[in-house]
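Report on one structure; see the data block that follows.
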Amino acid sequence: HLSTWRERVGAAAAGGKRLWVRLLMPLDSEKERVVVLVDMDCFYVQVEQKANPELKGKPCAVVQYKTWQGGGIVAVSYEARAQGVKRGMMGVEAMRKCPGLQLARIPEAHGKANLSRYRQASGQVLAVLSRFAVIERASIDEVYADLTAEAGRRLKQPGLLQQAVTLLGSTCVEGFPRDRDRDRESRAPPLSALHREEARREGLQAWLDSLPADRDQGSPELLLTAGALIVEEMRAAVEAETGYRCSAGISHNKVLAKLSCGLNKPNRQTLLPMESVDRLFDTLPISTIRNLGGKLGESVSQLLQVHNMGQLRAFSQAQLHTSFGVKTGSWLFDLCRGLDFEPVRPRYFPKSIGCSKNFMGKEALTMCEQVKHWLLQLSTELEERLLQDQQQNGRTARKLAVGLQLEEEGQSRSFSRSCPLPGPDAQRLAQRAWTLIQACNTAQPPQAAWSPPVIGLSLSARDFLETSVVSARSITDFLTGSSSQSPGAGAAPNPGRVGGAQSPVRGLGPWGAHRAGTITSFFVPAPTHKTCPSPDPVTHTLPAQPSSLSIAPLTSPPPLSPTPPPVPETPPSPAPHPSPSHTPPLGRRDSEHTEPAEMDLPGMSFFKRKALARSPGQPPPDPPLSPGLPTEVLVRCARCGESTLPWQVAEHKDFHFAQDLQRSLSTLPPPSPPARTKQKAVDQLRAPGKRARTGSKTLDWYFQKAPP
């Protein structure tokens, strides 16, 4: 492997830290892993068959909730696949190919598909699989697992491999018997079930006969065999406890595990040893490999003029670096040889919780009220799922992401923006989402129209933290010294909805008149104890925090009607309509004056904007309004007249309170000097070389602009 080692050294030198980590990994360590992918067979169909047992054994399919032409098919049973029914067909077309086809419809909620029953079924499967190994959830019906450690322990059990022929009752070994020609089999007529079972047993026996005689050696082949025995137990437990059947792929990495999983479906598991990878890759198109089914796979095929994965082995690593860069080129060089170093990362819960809705053709949204309506519908579903996730999984999301897809001149453009998550409240979620995307509307403000038409909306919550972690890091606990009890797993209270008093203004939430957690709560005067009067009391009243900031809640628009709301006949047109080629970015609009780049960020901290806008010796000017946001969505302060974003109101109020606090403290009489004897004792205890603090700085000093 000297030439391969030299190429890896050169790639690591040019590719940075990640490729150096890959370089330090031994060449043979990849073969010592046992990675498994468990994939549910026609998962949506199985869920519907369990709810309606009459569908079992019959050709059936699951269609979307829409009824036009029978609805679009999203899942097909194997009985229906045998008669030519495929995913993506309309129900009417599928019925022509399979007259006895049974259609099950996805439930509907909030005007869109409701996948709750499928998520619950997926949770049941995950609960069973997690008892065997640490799992990584890949999708609603796919799970990765690393069984290397457990397979090593199983090998130490005496007599385990002697019973492998009986225990591996549904295991297929790719490439065995060695004279098997998969390419010839793909062109030949399909074999009957009896012939397929005979070929499976013959290949399994040939594999077991090829295993090394020394069972204590722990070779990669023995580890894969022990892993296959564990997967047989996992799949049997899933079917016994949930009633769902699944297939699996067992190999040395994620790419090979996913590839082998689909070779012998349904209700089978396939073992793919490293010695069979080259022969398999010589017959498989590039698009069938994990992470190469999209644009990257198309560019590889077109640029290198190759079709099968095995043809990439003819290119050197330097050639792949020239065509695709160091990182991607090194990945392709390893991948075509069956090497993939991506680890199985423990992940039981999904990384994000989201919902979306597409509006194709005549359903495209062209009015602002329609956009608001569907934002509220999506926010309502997201609120329900976030509250359920808090209760079940004990975690809280911190970021809200909004996706927008527009149709302009026959092409679609997508935008994605994010902001802090205001909490699981549908009104506040919809209001914040509307604030983020309304700058994409190029229609004139007096009109109620939206242009370009909206063909897709999505909301998602991400960046989760455990509820206990969020509670433990509260600043109130650090500054007050109180040991607030954690609300428990998934029971984090929401001040606007759950576990607390309802705000008088719906949607006001965390920026209410006074909430425990703002800076005011840390400066409330302590109660005076009669038993310990102060010898020299100083009467001073702290300034009250202003409560003149308010925001109007987002009201639910009327239901979406078949025809869009009318547009005014004579709309004013004081400004020319912006051209489609020059659409301002989301969250910004072109303005008459240009501000510094740092001042143009709507999400910038209020204190940072104050520091940037202030210069020594001059009063602080009013910062500009957030570009791209209409004034009706901003909150105006009654004290200074400044308009801020809704989620910056609490910080703005804290700034005013800090100013009042600084002015009030500056009027206090200076403290009397301490006795000389006490000062001398302090001077003697002070460490040598440590200078005494001279002077003090006021709060205004920290907001002055730094000298150039």
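For the numbers below, each heavy atom of this structure counts, side chains included, while hydrogens, waters and symmetry mates do not. Predicted model only: the values in this text are computed from it and were never measured.
Met367 is not listed as a side-chain neighbour of Val371, based on a closest heavy-atom distance of 4.5 Å or more. Side-chain contact between Thr366 and Phe359: absent, with no pair of heavy atoms (C-beta onward) separated by less than 4.5 Å. A 4.5 Å side-chain heavy-atom check between Asp146 and Pro343 finds every atom pair outside the cut-off. Taking the side chain as every heavy atom from C-beta outward, Ile73 and Val62 never approach each other to under 4.5 Å. In this structure, the side chains of Ile455 and Asn358 stay at 4.5 Å or more apart for every pair of heavy atoms. Between Val143 and Glu136 there is no side-chain heavy-atom pair separated by less than 4.5 Å. Two residues are said to be in side-chain contact when any heavy atoms from C-beta on lie closer than 4.5 Å; Leu365 and Trp374 meet this criterion. The shortest side-chain heavy-atom distance between Leu457 and Leu375 falls under the 4.5 Å cut-off.
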Verdict with reasoning, Val454 to Leu404, per side-chain contact (heavy atoms from CB on, under 4.5 Å): CA-CA 7 Å; Val454 178; Leu404 181 67; 3.7 Å; yes
Worked check of side-chain contact (heavy atoms from CB on, under 4.5 Å) between Leu459 and Ser379: CA-CA 7 Å; Leu459 296 180; Ser379 299; 3.3 Å; yes
For Glu142 and Lys258, run side-chain contact (heavy atoms from CB on, under 4.5 Å): C-alpha distance rounded to whole Å, both residues' side-chain angles, the deciding distance at 0.1 Å, then the answer. CA-CA 9 Å; Glu142 289 183 335; Lys258 183 173 179 61; 2.9 Å; yes
Under the salt bridge (charged side-chain N to carboxylate O under 4.0 Å, His left out) rule, what do Lys357 and Glu363 come out as? Steps first, then yes or no, please. CA-CA 11 Å; Lys357 173 72 175 179; Glu363 297 180 353; 5.4 Å; no
Decide side-chain contact (heavy atoms from CB on, under 4.5 Å) for Lys372 and Glu369; before the verdict, give the C-alpha distance in whole Å, the side-chain angles of both, and the deciding distance to 0.1 Å. CA-CA 5 Å; Lys372 291 181 180 179; Glu369 291 301 319; 4.1 Å; yes
Arg639 and Glu642: CA distance, side-chain angles, deciding distance, salt bridge (charged side-chain N to carboxylate O under 4.0 Å, His left out) verdict: CA-CA 8 Å; Arg639 295 191 58 180; Glu642 180 181 351; over 6 Å; no
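Aromatic ring pairs are classed by plane angle as parallel below 30°, tilted from 30° to 60° and perpendicular above 60°; the pair His652 and His656 is perpendicular.
A donor-acceptor contact shorter than 3.5 Å is absent between the side chain of Thr328 and the backbone of Gly325. Judged by distance alone, with hydrogens and angles left aside, the side-chain atoms of Asn393 form no donor-acceptor pair with the main-chain N or O of Arg395 at under 3.5 Å. Between the side chain of Ser416 and the main chain of Gly403, no donor-acceptor pair closer than 3.5 Å is present. Using a distance-only test at 3.5 Å, with no hydrogens or angles considered, no donor-acceptor pair links the side chain of Glu381 to the main chain of Gln377. In this structure a side-chain-to-backbone donor-acceptor pair under 3.5 Å is missing from Arg347 to Ile135. The backbone N or O of Phe464 lies less than 3.5 Å from no partner atom in the side chain of Lys399, so there is not a single donor-acceptor pair. Side chain of Arg462 to backbone of Ala397: no donor-acceptor contact under 3.5 angstrom is found. A donor-acceptor contact shorter than 3.5 Å links the side chain of Trp450 to the backbone of Pro452. Formation of a donor-acceptor pair under 3.5 Å by the Ser418 side chain with backbone atoms of Leu400 is not found in this model. With hydrogens and angles ignored, the 3.5 Å screen pairs a side-chain donor or acceptor of Asn441 with a backbone N or O of Ser451.
Shortest non-hydrogen contact noted between Ile353 and Leu382 is O-CD1, 3.4 Å. The minimum heavy-atom distance between Gln405 and Ser414, with the atom names listed, is CG-OG, 3.8 Å. For Leu37 against Cys261, the heavy-atom pair with the smallest separation is O-SG, 3.8 Å. Listed here is the closest heavy atom pair of Lys112 and Leu378: CD-CD2, 3.7 Å. Considering all non-hydrogen atoms of both residues, Leu387 and Pro424 come closest at CD2-CG, 3.5 Å. Across every non-hydrogen atom of Arg636 and Ser643, the tightest pair is NH2-OG, 3.1 Å.
Outside the 6.0 Å centre-distance limit, the rings of Phe43 and Tyr118 are not counted as a close aromatic pair. Ring to ring, Phe324 and Trp331 are not that close: their centroids are 6.0 angstrom or more apart.
Taking the ring axis of Tyr144 as reference, the NZ or CZ atom of Lys254 stays within 45° of it and closer than 6.0 Å to the ring centre.
Taken to the nearest 0.5 Å, the OG1 atom of Thr380 stands 9.0 Å off from the CG atom of Leu429. The distance from the NZ atom of Lys351 to the OG atom of Ser460 is 12.0 Å, given to the nearest 0.5 Å. Atom CD of Glu407 sits about 7.0 Å away from atom CE of Met360, to the nearest 0.5 Å. Put simply, CG on Asp463 and CZ on Arg398 are 4.0 Å apart, with the number rounded to the nearest 0.5 Å. How far CG of Leu332 is from CG of Asn291: 10.5 Å, rounded to the nearest 0.5 Å. Taking OG1 of Thr396 as the reference point, atom CG of Leu386 lies at 9.0 Å (rounded to 0.5 Å).
Open room surrounds CZ on Arg87; 12 or fewer heavy atoms of other groups in view lie less than 6.0 Å from it.
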